[in-house]
Each structure stands twice: as C-alpha cells, then as structure tokens.
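The shown structure was predicted, so the numbers you read here are calculated from the model rather than taken from an experiment.
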Amino acid sequence: MSDEADREEQIEQARRIFAGPIAFLRSAPSLKFLPDPVVKEVAFAGRSNVGKSSLLNALTNRTGLARTSNTPGRTQELNFFDVGGSEDGPPLFRLVDMPGYGYAKAPKDVVKQWRFLVNDYLRGRAVLKRTLLLIDARHGIKDVDRDIMKMLDDAAVSYRIVLTKADKIKASALEEVTARTIAEARTRPAAHPEIIATSSEKGMGIAELRAAVVEAID
C-alpha cells in the first residue's frame, strides 16, 4: 500500500473513532483528582486565547464539548474527555484539555498553581502519549511558548506543534510561520519534526489532526 493510501486509511479510521461516543469525564484542579492512569492520554496545551476549546470542539465535531470563553485564563484545571469504547468498557483513549498559560493579568498565585499542576502532571503521567502544543499562526512561537516547550523537553514528553487560526493570515505568511516553526521544533529533543496547520472555523487540518491523535496512541 502506498504512503498516500496509508494516510487516507489513517484519516478514515480517525474519522470513525471521533464520530463515535465522546464524553466529558471530569475536571482535576489538583493531582489527587486525576482519573486512574489506565487509559492512554493525549493532552492539548496552549496560550490563553490560542483557540484551544474551539479546536477541541472542531476535532470532536461537537459544538459544546469544551467550553469556550472570552475570559483568558479562566480554565485552571485539567479537563478529561473519554473517546470511543463501549458503555460497559473503558474508552479507547482520553483527551486532556490543559489550562491555558501566559495570561499577563493572571494573579501570581494562579500562575504558580498552574506551573505546579501542569509540571507534576507532565512528569508523572505514564499514560500520557503526546502533548499537542497549540501556537497561534498569526504570532508564531513566543517566549511563553518556549517555556512550556522546555518543560515538555525536560519531562521527556513527546509533543507536536499545531498552528491554530491558520485562516486568519495570508497563504504566504502561513508558509513563513510554518517554516520557522518547523525549524525551531527540530532543535527540540522531545518535539515531533512535523507540524499541522489548522482552522477551527474553516475545518482546515482537522482530519489530519484527528489522525495525528490516533497515531499518537497507537
């Protein structure tokens, strides 16, 4: 089978999985509330207002699965979602919506709590197979993103960069930010060398992102 046929098969398999049951499991404001580590997990991280909730809703083809908010920094817990499986058995895997980072007006104690929660989760979660790091295509990688990249590198957690809001810039600008992002990712020990450009509004890259999630847990 050709590489192109393999890719189409992966995309179709992922489409079927995400067309199946998906349900919110729980929020974990601290490590003691984490679900038992018996199912593989893929986490989503990104700056406040990067479009994480919108992307999760587009990914799962549900309008209200992840709560979108106009208030940056509102989510301060890890939110877990079960994907696939049967009513009687465990899910195929879980998606983890991590709290947004880098909101300048967040109180210092909130920022400190975020760092402790995220760092402890990343370092201690054996079932975490990949983190998808969301970067706004209009701005590219910022220093606050490099902080989380270093955290992921230090924790030896595999991560892949996903550009969001790719429809908001010209094609030439998207090419430039994509090239810069790939170049930087390839200097990072835990980063996947390929990135995915997406648009929640236009559906761009969503099928490929679903396939990337399924690939990460296989």
Hey, mind stepping through E201 and K168 against salt bridge (charged side-chain N to carboxylate O under 4.0 Å, His left out) and telling me if it holds? CA-CA 10 Å; E201 285 187 18; K168 304 297 185 185; 3.2 Å; yes
Tell me whether T187 contacts the main-chain N or O of E184 through its side chain, where contact means a donor paired with an acceptor under 3.5 Å. yes
I'd like to check L132 versus L209 (side-chain heavy atoms, cut-off strictly below 4.5 Å). Are they in contact? yes
If hydrophobic clusters are built from ILVMFWY residues whose side chains come within less than 4.5 Å, do L78 and F116 share one? no
Value rounded to 0.5 Å, distance of CD in E8 from CZ in R15: 12.0 Å
Verify whether one side chain among D147 and Y101 offers a donor that lies under 3.5 Å from an acceptor in the other. no
Count I, L, V, M, F, W, Y as connected when their side-chain heavy atoms are under 4.5 Å apart, and connections chain through other members. Are M98 and L31 then in the same cluster? yes
Backbone N/O of R138 and side chain of D136: donor-acceptor pair under 3.5 Å: yes
Grouping I, L, V, M, F, W and Y whenever their side-chain heavy atoms are under 4.5 Å apart, do I11 and V42 come out in a common cluster? no
Aromatic ring pairing Y121/F80, orientation class (parallel under 30°, perpendicular over 60°, tilted between): perpendicular
Can you run down the side-chain hydrogen bond (donor to acceptor under 3.5 Å, both in side chains) pairs that involve residues 208-218, sequence neighbours left out, and say none if there aren't any? R7-E208
To the nearest 0.5 angstrom, please state how far the CD atom of E194 sits from the NE2 atom of H192. 5.5 Å
Considering only heavy atoms from C-beta outward, does the side chain of F44 approach that of L95 to under 4.5 Å? yes
side-chain contact (heavy atoms from CB on, under 4.5 Å), paired with I195, selected from V162, V177, T181, L133: T181
Do NZ/NE/NH1/NH2 and the carboxylate oxygens of E41 and R130 come within less than 4.0 Å? no
What's the spacing between L174 CG and I169 CD1 if we round to 0.5 Å? 4.5 Å
Lys/Arg-Asp/Glu bridge criterion (N-O < 4.0 Å) met for D143, R146: yes
Closest heavy-atom contact between R62 and A19? NH2-O, 4.4 Å
Correct closest heavy-atom pair for A28 and L34 would be CB-CD2, 3.9 Å
Checking the side chain of D154 only, and the main-chain atoms of M151 only, is there a donor and an acceptor separated by less than 3.5 Å? no
Between D82 (side chain only) and R94 (backbone N and O only), is there a donor and an acceptor less than 3.5 Å apart? no
Is there a side-chain contact between P91 and V83 (heavy atoms, below 4.5 Å)? no
Under a 3.5 Å distance rule, please check whether T198 uses its side chain to pair with a backbone N or O of L163 as donor and acceptor. yes
Please assess T63 against N57 for the test side-chain hydrogen bond (donor to acceptor under 3.5 Å, both in side chains), listing each intermediate value before the final yes or no. CA-CA 5 Å; T63 54; N57 288 333; over 6 Å; no
Begin with the C-alpha distance, continue with both residues' side-chain angles, and end with the deciding distance and a verdict on side chain to side chain contact (heavy atoms under 4.5 Å, CB included) for E77 and F33. CA-CA 10 Å; E77 60 261 330; F33 294 103; over 6 Å; no
In one Ile/Leu/Val/Met/Phe/Trp/Tyr side-chain cluster, 4.5 Å: I217, V127: no
Should E12 and R16 count as an ion pair when the cut-off is N to O under 4.0 Å? yes
